[in-house]
Trainee: 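Let me give you the structure first, and then I'll get to my questions.
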Amino acid sequence: MALSIRRQCRLLGIARSGVYWPPRPANDNDLALMRRLDELFTALPVLGSRRMSAMLKAEGLRVNRKRVQRLMRKMGIAALGPRPNTTRPGHKIYPYLLRSMTIDRPNQVWAADITYRAPRPIWGAYDWNAKEKGGRIQQ
């Protein structure tokens with residue numbers, strides 16, 4: 001029993017558009033540029049697509065930043081940058097006071113929220129229990 005292409009794609013979970021046209025092979029210019037990108041990235045792994053394309057332009061290669069981005073993505077390389085420093089010692093840890101409470105009636109627990117939207121901040125207080133049933137908001 002032969003399966004249609006539509007059915008085969010549905011079973012494999014792939015798009016039909018990728019079945020009809022094979023991907024184009026990389027041209028020689030892309031391969032040479034990818035080799036040079038690999039050399040630069042190996043020497044300086046902190047370079048992103050902007051600085052990488054600037055260095056290539058300084059070498060005399062006419063290359064667009066988006067092309068460098070595409071090739072870097074294709075090669076699986078990304079700049080190594082600083083990560084968020086979220087584990088600073090000495091910051092105060094606040095306990096979660098509602099952990100042991102059962103919230104079962106209105107006016108038992110309230111929460112406050114401040115949202116800034118130009119031209120002025122908006123503040124509100126929410127009834128924790130009534131919010132699930134339609135919400136009571138006081139401003």
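Remember, it's a predicted structure, so these values are computed and weren't measured experimentally.
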Trainee: Treating Gln8 as the side-chain partner and Leu3 as the backbone partner, does any N or O pair qualify as donor plus acceptor under 3.5 Å?
Mentor: yes
Trainee: Can you find a heavy atom in the side chain of Met52 that is under 4.5 Å from one in the side chain of Leu71?
Mentor: no
Trainee: With a 4.5 Å cut-off on side-chain heavy-atom distances among I, L, V, M, F, W and Y, is there a chain of contacts connecting Leu98 to Tyr94?
Mentor: no
Trainee: Do Val19 and Leu12 belong together in a cluster built from hydrophobic side chains that touch within less than 4.5 Å?
Mentor: yes
Trainee: Side-chain heavy atoms nearer than 4.5 Å, only ILVMFWY residues, links allowed to pass through others: does that put Val68 and Leu80 together?
Mentor: no
Trainee: Got a second to check how far Leu47's CG is from Met72's CE, nearest 0.5 Å?
Mentor: 8.0 Å
Trainee: Apply side chain to side chain contact (heavy atoms under 4.5 Å, CB included) to residues Leu37 and Lys74 and explain how you reach the verdict.
Mentor: CA-CA 12 Å; Leu37 287 173; Lys74 189 174 189 178; over 6 Å; no
Trainee: Find the distance between CE (Met55) and CD (Glu59) and round it off to the nearest 0.5 Å.
Mentor: 6.5 Å
Trainee: Should Leu44 and Arg51 count as side-chain neighbours, where that means a heavy-atom distance under 4.5 Å?
Mentor: no
Trainee: Of all the heavy-atom pairs spanning Val109 and Met101, show the shortest one and how long it is.
Mentor: CG2-CE, 4.1 Å
Trainee: Working to the nearest 0.5 angstrom, can you tell me the gap between Gln69 CD and Ser49 OG?
Mentor: 4.0 Å
Trainee: What's the separation between atom CG in Leu56 and atom CZ in Arg67, rounded to the nearest 0.5 Å?
Mentor: 9.5 Å
Trainee: Could you please spell out the steps behind the side chain to side chain contact (heavy atoms under 4.5 Å, CB included) verdict for Asp38 and Met34?
Mentor: CA-CA 6 Å; Asp38 188 42; Met34 286 168 71; over 6 Å; no
Trainee: Counting C-beta onward and ignoring hydrogens, is there a side-chain heavy-atom pair between Arg70 and Asp30 closer than 4.5 Å?
Mentor: yes
Trainee: Just wondering, are more than 12 heavy atoms of other shown residues or ligands nearer than 6.0 Å to CG in Asn27?
Mentor: yes
Trainee: Honestly curious: do Ile14 and Ile5 fall in one hydrophobic cluster under the side-chain, below-4.5 Å linking rule?
Mentor: yes
Trainee: What are the two closest heavy atoms between Ala15 and Cys9, and how far apart are they?
Mentor: O-SG, 4.3 Å
